[in-house]
Amino acid sequence: MKWMPKFLLILVLIGNFIVNVSSVAATDINTAVTTSLENENDFLNSLKESQASLPDRRELFTQKNQTLTSLMQPLNQLRQSEGITSTTIKKGDFELHGNYSFDDIADSGSVKLNWDKLPNLADGYKVERSTDSEKWEEISSNYGKKVKILNVYPNDAKYLKAWMAPITDLIEVDEVSLEEFNKNYKDYIEDDGSSIYDGLYFGSADSNGGWVTGVNDLTDKSQPVVAKFADTGRSIILGHDTIATAGQGGHPWFNKFAPKLDLWVKGLQNQNNDYTMGANTIWLSGTKVKFIDPNGDLAQYPNKGLPEEMTIKPTHTVDQYYLYNSDAIRWMVFLPTFTNNGSGSFNEPDYLYDNQGRKVGDDNWYLITKNNYAMIQTGHTTGACTDDEAKIIANTIYYTSTLNTSNSGIDPKAKDNVAPDKPNLTSNDTNNNKFDLTIKSQDNPSYYYYQVTGNVNDKTTNKTIPKYSDVIQQQVLSDIKGYFYAIDSNHNPGTNAANVKYKDSDPSKVDTSAANFLKVTQPNTNGNSATLTNDQLLKNSKNYIHVVAVDRDNNISTVQTTKISDLVLSNRSVKVKVWMDSNYNGIIDTNEKIKANIPIHIFKKNTDDSYEELQQTSNSTIKTGNDGTCSVNNLQSNTYYVGLKISDCRAMFPTVSGGKSISQLINNKVNTISHDNYFLTTAIIVNKDNDNRTVNLGLIDQLGFISITKLPQLNFGISLIPYAGSISLPNPNKDENTLTIEDNRTSLQTDLSDYFVPYKVNIQLSAFKQGKEKGLQGSSITLTFPNENTVTVSSEQADKQLLLTQQLSQNTEDITKFKNISLNVPQKSIATIIKPGTYTATMTYEIEDTP
């Protein structure tokens, strides 16, 4: 037997491997700005309708040979704290000056008047006020001063002092019985009507104590003196049953004052006898009264904020009719249901008719005034009045005290009655995620005219001569208090779209504590502007904002209604650049590739946390170019999110700028208007300081999350190679025939199982070498799977990869334990060099995406 020679060779296959991570397009976006709109306060919902805006009652006047425009001072020429000075429009016998200012603490404005003293003044000064410089009224200018009142009471009914004591210390009350006054009236009033008293108060008892002249009525001697007292401008206040129906016996001397109040009284002589009463047996009675104008002058001082409706002690009128064409002011009326002096019930007053059957008056009144005269029905319940009634009496005393003994005075009743201009809205970009809206309005003034008269004693003629001051025009401008606003989907502003809120349901008192009120902290000095900062505005950009201006006299402008999107600037832009961030550092390195043809989508977040895509990016036509960039233009200042549709970038993920981690992935299709899945960035702020900024989107591919953790360890040991023939050598350590691949892709986002691209593992065998010499040419390695399938890779195919395995499962360790791995050595030939020695080769494994 011929033995073929054998060679002893040491054959070692060193199983080296190379994991080749291919370039992958990641699918998220990075930005250096990470502030987002989160935890917003809910914006105000629409509030229920309240009273309509106060009417605009601008007063325009014309002077003879001189237009009002030429007299008007420019608005806001002086700080409110310094006041607005008056303008002299007509020179008089002595100078008069005015100044209007608003007191924020007292929440009211006033005109302060001062004038030159007149020498040889007979008594005091009267101040007249007008709103057109033609029709004048005497007004009280004694506000803030102490007034002295003489209570002339019937019988023992001296109650006024007790009523005033808890109300105010500005009213000093002396008392005298009517009977005593009639006897000694000269002790209280001089022959010329002058007096130490500012006013007389009569009444406070039912029937004024009775019907006896000289006891319950004035006399033929005292009445003319009281009338002269009133002619000086001093106050005359008449209580219940002073002026009374003549048909009941009446008080004929008190009744002489009925014409001073324009009252028509049954049976009174020297009045229009063509008038006829209705059911003249009715005494209109009640315990509830109401202000006709709760904002009127009488209701302002010294007691402000009186209730519009109030309870009084039982009282009534009887055959006393207020005339509709009267110059008197009917301040308060009884509220139905009325009674007939406490019995029965009815809802209509008794009317007074002319000879053509037209209504010319009625008997429903509780308080009327005319100049310095007043009559109030308090007193039917003898000696009793409610706290509110006492406050009304105090206010009436001041309102009718028109004679001023000093050379200065205050008019707190000159109100700004003109509404401000409709607000102007201007948006401002900010450096945060808020939206600033500047609201600004200009208030409009009312104009008042003043003149002071005083009588001086002429020693030559021993007569009094009237002197007249300058006529001044006073601008009354309270200025802007603040703004009410509301946001809703209604483009029609309506009467109260801004949801004006009133304090205690009083239309004269806006509720500045309301959540939707923006206060102007320094009226006039800061341009009357207020800033609304609210991150909900941008999210409600499809809605409308309604705003009204309110001045400090509570006049309300018309509604400014604007679509929010029209307020926000729309000339901003964002540039997006996409590249493959292979080292995950969030920085574009020189060796990293850009990613072209990626569609870019821009979103904004709505109040319901949904993401709404901007229309200009919704059709996927905005894509990155060859340089990896694209621009999205015409953006409003807002907070945005850049999105990549998942279907456009499978197997790619975004990196966080500046860090080796993956961005938060937001891909819930329920939260996007289009119901597609997107990768979204964190918040990107676009405003004046972040205009045309570049947002870098670093992407990585899925192969960065797949790795080989274990390879077969191949060492075929020492073997005898026959001189002729081939040989197959198994790996002696079968326990090392294992390939383990770890898949961490779904750790990024668990609900993206259908998003990943399957991978495969390729294998490649290098040529065997002994030192620098090749050998074992044509050798190959066969890997046998447990199912007997095999993969054979040849050292002669060193430039060609063979598929070893496909992806089997996901987010697990894919372990392949081969049944056998063997080295196949061919028969020695001319092409095969086999020399004794140690041979090595390299086995390369590569993970890649499937095509």
side-chain hydrogen bond (donor to acceptor under 3.5 Å, both in side chains) assessment of Y324 paired with D362: CA-CA 8 Å; Y324 297 152; D362 64 61; 2.6 Å; yes
Roughly how far, to the nearest 0.5 Å, is OG1 of T381 from CG of D206? 8.0 Å
Are W211 and H251 close enough that their ring centers fall under 6.0 Å? yes
Residues 184-204 vs salt bridge (Lys or Arg N to Asp or Glu O under 4.0 Å), sequence neighbours excluded, gives none
Is S222 reaching over with its side chain to a backbone N or O of N182, donor-acceptor style, under 3.5 angstrom? no
Check: Q475/Y447 side-chain N/O donor and acceptor closer than 3.5 Å: yes
Is any side-chain heavy atom of Y353 closer than 4.5 Å to one of V360? no
Show, in sequence, the C-alpha distance, side-chain angles and deciding distance for D470 and W115, and conclude whether the side-chain contact (heavy atoms from CB on, under 4.5 Å) test is met. CA-CA 9 Å; D470 301 338; W115 53 87; over 6 Å; no
Donor-acceptor pair, side chain of R552 and main chain of D104, under 3.5 angstrom: no
Enter the distance from Y197:OH to L403:CG here, rounded to the nearest 0.5 Å. 16.0 Å
Residues, nucleotides or ligands: over 12 heavy atoms within 6.0 Å of N462 CG: no
Where at least one partner belongs to residues 287-307, residue pairs that pass salt bridge (Lys or Arg N to Asp or Glu O under 4.0 Å), sequence neighbours excluded: R129-D297, K290-E308
Out of the candidates L263, V333, I329, L238, only one should pair with I368 under the side chain to side chain contact (heavy atoms under 4.5 Å, CB included) rule; please name it. L263
Measure up the W163 and Y159 rings against each other and bin them: parallel (under 30°), tilted (30 to 60°), perpendicular (over 60°). parallel
Residues at least two apart in sequence or cross-chain that pass ring-ring contact (aromatic ring centres under 6.0 Å, His included) with F229, listed by chain then number, are none
Within a 6.0 Å radius of atom NZ on K313, are there more than 12 heavy atoms belonging to other residues, nucleotides or ligands? no
Given the rule in the side-chain hydrogen bond (donor to acceptor under 3.5 Å, both in side chains) test, do Y366 and E389 qualify, once you have shown the distances and angles that lead to the verdict? CA-CA 11 Å; Y366 170 74; E389 282 185 280; 2.7 Å; yes
Please round to the nearest 0.5 Å and tell me the distance separating atom CG of L200 and atom CG of L150. 5.5 Å
What residues form a ring-ring contact (aromatic ring centres under 6.0 Å, His included) with Y399, not counting sequence neighbours? W331
Matching residue for F202 among Y153, Y373, F254, W253 - test: ring pair (Phe, Tyr, Trp, His ring centres under 6.0 Å): F254
Should the ring pair Y125 and F94 be called parallel, tilted or perpendicular, given that the plane angle runs from 0 to 90° and is split at 30 and 60? tilted
Looking only at side chains, do N395 and N303 share a donor and an acceptor under 3.5 Å apart? yes
Those residues that, when tested against Y143, pass ring-ring contact (aromatic ring centres under 6.0 Å, His included) (two or more places apart): Y301, Y398
Identify every side-chain donor-acceptor pair in residues 164-172 under 3.5 Å, counting partners at least two apart or on other chains, and give the distances.
| unit_1 | atom_1 | unit_2 | atom_2 | d |
| --- | --- | --- | --- | --- |
| T168 | OG1 | L170 | N | 3.0 |
| E172 | OE2 | K148 | NZ | 2.8 |

Tell me, which pairs form a salt bridge (Lys or Arg N to Asp or Glu O under 4.0 Å) where one or both residues lie in residues 221-232, sequence neighbours left out? none
Restricting to pairs with a member in residues 363-372, which pass salt bridge (Lys or Arg N to Asp or Glu O under 4.0 Å), not counting sequence neighbours? D262-K370
Crowding at NZ, K503 (>12 non-hydrogen neighbours, <6.0 Å): no
Under 3.5 Å, is there a donor-acceptor pair between the K481 and T512 side chains? no
At what distance, to the nearest 0.5 angstrom, does CG of N457 lie from CG of L121? 8.0 Å
Closer than 3.5 angstrom, by distance alone: can the side chain of Q320 be matched with the main-chain N or O of T317 as a donor-acceptor pair? no
Return a table of donor-acceptor pairs under 3.5 angstrom between the side chains of residues 340-347 and protein atoms on other chains or two or more places apart.
| unit_1 | atom_1 | unit_2 | atom_2 | d |
| --- | --- | --- | --- | --- |
| N340 | OD1 | W283 | N | 2.8 |
| S343 | OG | N340 | O | 3.1 |
| N347 | OD1 | T337 | OG1 | 3.2 |

Go through the side-chain N and O atoms of Y100 and D416 and say whether any donor and acceptor fall under 3.5 Å apart. no
Under 3.5 Å, is there a donor on one side chain and an acceptor on the other for E128 and Y468? no
For a side-chain contact (heavy atoms from CB on, under 4.5 Å) check, start with the C-alpha distance between M277 and L352, then their side-chain angles and the critical distance, and finish with the verdict. CA-CA 5 Å; M277 298 181 295; L352 192 68; 3.9 Å; yes
dist N155:CG -> N208:CG (nearest 0.5 Å) comes out at 8.0 Å
Test item: side-chain donor near acceptor, Y449 and D132, under 3.5 Å: no
Chi angles and distances behind the side-chain contact (heavy atoms from CB on, under 4.5 Å) call for F257, Q223: CA-CA 9 Å; F257 293 123; Q223 191 276 337; 3.5 Å; yes
Within 6.0 Å of CG in N272, more than 12 heavy atoms from elsewhere: yes
Worked check of side-chain hydrogen bond (donor to acceptor under 3.5 Å, both in side chains) between N372 and T402: CA-CA 6 Å; N372 56 325; T402 60; 4.6 Å; no
Who are the salt bridge (charged side-chain N to carboxylate O under 4.0 Å, His left out) partners of E138, not counting sequence neighbours? K126
So for atom NZ, which belongs to K413, do other residues, nucleotides or ligands contribute more than 12 heavy atoms lying within a distance under 6.0 Å? yes
Check: S141/N404 side-chain N/O donor and acceptor closer than 3.5 Å: yes
Trace of the side-chain hydrogen bond (donor to acceptor under 3.5 Å, both in side chains) decision for Y450 with D411: CA-CA 10 Å; Y450 294 92; D411 180 11; 2.7 Å; yes
Taking salt bridge (charged side-chain N to carboxylate O under 4.0 Å, His left out) as the test, write out the residues that go with D354, two or more places apart. R358
Has the side chain of S130 got a donor or acceptor atom that lies under 3.5 Å from a matching backbone atom of S133? yes
Counterpart residues, salt bridge (charged side-chain N to carboxylate O under 4.0 Å, His left out), relative to K467 (two or more places apart): none
Measure from the side-chain N and O atoms of S140 to the backbone N and O of S401, and report whether any donor-acceptor pair falls under 3.5 Å. yes
Distance-only side-chain donor-acceptor flag, S194 / D123, under 3.5 Å: no
Starting from the C-alpha separation in whole Å, work towards a yes-or-no answer on side-chain contact (heavy atoms from CB on, under 4.5 Å) for V226 and Y185. CA-CA 9 Å; V226 171; Y185 55 84; over 6 Å; no
